[in-house]
Number of protein chains: 2
Amino acid sequence: MCQLLGMNCNTPTDVTFSFAGFAQRGGRTDHHADGWGIAFFEDRGLRHFVDHQPACESPVAELIRRYPIKSQHVISHIRKATQGQVNLQNCHPFVRELWGRYWVFAHNGDLKDFRPRLHGNFHPVGDTDSEHAFCWIMQELAKSHAGVPSIEELTLTLRELAPQIARHGTFNFMLSNGQALWAHASTHLCYIERKHPFNQAHLADEDMSIDFARHTTPTDRVAVVVTTPLTTNETWTPFASGELKVFVDGCALSR
Amino acid sequence: MCQLLGMNCNTPTDVTFSFAGFAQRGGRTDHHADGWGIAFFEDRGLRHFVDHQPACESPVAELIRRYPIKSQHVISHIRKATQGQVNLQNCHPFVRELWGRYWVFAHNGDLKDFRPRLHGNFHPVGDTDSEHAFCWIMQELAKSHAGVPSIEELTLTLRELAPQIARHGTFNFMLSNGQALWAHASTHLCYIERKHPFNQAHLADEDMSIDFARHTTPTDRVAVVVTTPLTTNETWTPFASGELKVFVDGCALSR
């Protein structure tokens, strides 16, 4: 099993604090040492970093911890291989282009016997169940819509697609196209919405605290979604099993 | 106009020496300061770095200079914007997936009035002539072949496609799918094939030398393709105008 981290904000925000704790799970405080990756949207553009070294040792992860890349939509993943070899093409998140937008996907879980025939324009480069599921989702999105759908329309489509995959195993995933962050839980996912008045937070995986009040303005809103809580002194809301949530401008939409 | 750098090798090789000189052209020894990017194949996987900061100042470029990522196929680009804004989605190289392989493309030049309708599955995310040309090439490749073609077949198809674009302006480009490096020149492109016995080389853009004999084995072969020569004491072979060359295992194929 792997771990997922997502961030969605109403203003470009750096993820260095959350990533510092999260990256420790890539081989140090937890055993997810089979590679990692992170993708940051900047407007429609994308920075995408993957590495098959453990996140806690990777020079690329060290860059991310130190270089505050600001983004409104971030998806990160650390891998514990269940299907597929440990190599670069099997590192999440995966990226495809559709309708002139990049789409980023990461998955935590294990899908048994989910290898539908891919008759569309998206094919896996690696050999994971996760990338196969992503390509199937992209194929079905392309069939369901003629162009980039509204956030609400896309949410409805994903609510139809996710259960069809989830019945094959554990399907916690995150998806973003630079407009919103969609997150679906089969088992473990939780989230927090940070807003004014901002407080101090203390990492669970490293002895590090931050006073968000010193780094934010009163209008900032930041939602963080993660496999298990990143901080010890905040209240994280767990997803229900089978729940799909969409985050826009740092808030979970009510439906 | 921009600058291009490509490397093709028979064994995974790091590009740090060439990139050290090349990155200086991104704002220091030359005026290509509107972003940069680099992509490294590792087997079928890809590391892709883009940054809209000048290459000579970018923290990500600093990582590439110091972290010896070994690859058999590398494409890098530093940008002097002619069409399209300075932002992340307009930074080369561009990446798409087709037939379960990543395809990487970078372009130097200026295409006037080349905006064919894209009726296939590839659409630009940014607004450059370059990404539009890449999407058109991918669309035409998808129409011309049923799956990943042989290197020879793909070379024939590119020999048909490249002149159709080149008549609209300057079209120096590099393309790789992790099997070979294709390079096409309208104006400026040159290459070198390094092999045993290896010699010392001195960078043109920085006071730096390397003795390749100390970092290689006798069977290593490395081809480097670049807009203008990177070193002062080696003989670089210029491309003819309209020439498309394909590099495999560090050698230029004879046709």
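Worth saying up front: this structure is predicted, and the values here are computed from it rather than measured.
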All donor-acceptor atom pairs under 3.5 Å, backbone and side chain, chain A-chain B:
| residue | atom | partner | partner atom | Å |
| --- | --- | --- | --- | --- |
| A:Glu42 | OE1 | B:His52 | NE2 | 2.9 |
| A:Asp43 | OD2 | B:Gln89 | NE2 | 2.8 |
| A:Arg44 | NE | B:Val125 | O | 3.1 |
| A:Gly45 | N | B:Gln89 | OE1 | 3.3 |
| A:Arg47 | NH1 | B:Val50 | O | 3.1 |
| A:Arg47 | NH1 | B:Asp51 | OD1 | 3.1 |
| A:Arg47 | NH2 | B:Asp51 | OD1 | 3.0 |
| A:Val50 | O | B:Arg47 | NH1 | 3.1 |
| A:Asp51 | OD1 | B:Arg47 | NH1 | 3.2 |
| A:Asp51 | OD1 | B:Arg47 | NH2 | 3.0 |
| A:His52 | NE2 | B:Glu42 | OE1 | 2.9 |
| A:Gln53 | NE2 | B:Tyr67 | OH | 2.6 |
| A:Tyr67 | OH | B:Gln53 | NE2 | 2.6 |
| A:Gln89 | OE1 | B:Gly45 | N | 3.3 |
| A:Gln89 | NE2 | B:Asp43 | OD2 | 2.8 |
| A:Arg96 | NE | B:Glu97 | OE1 | 2.9 |
| A:Glu97 | OE1 | B:Arg96 | NE | 2.9 |
| A:Glu97 | OE1 | B:His123 | N | 3.1 |
| A:Glu97 | OE2 | B:His123 | N | 3.3 |
| A:Asn121 | OD1 | B:Asn121 | ND2 | 2.9 |
| A:Asn121 | ND2 | B:Asn121 | OD1 | 2.8 |
| A:His123 | N | B:Glu97 | OE1 | 3.1 |
| A:His123 | N | B:Glu97 | OE2 | 3.3 |
| A:Val125 | O | B:Arg44 | NE | 3.1 |

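- Interface residue A:Pro59: backbone and side-chain heavy atoms are both found under 4.5 Å from chain B.
- By the side chain to side chain contact (heavy atoms under 4.5 Å, CB included) test, B:Ala223 is found to be paired with B:Glu193, B:Phe247, residues two or more places apart in sequence or in another chain being considered.
- The shortest side-chain heavy-atom distance between B:Leu63 and A:Val60 falls under the 4.5 Å cut-off.
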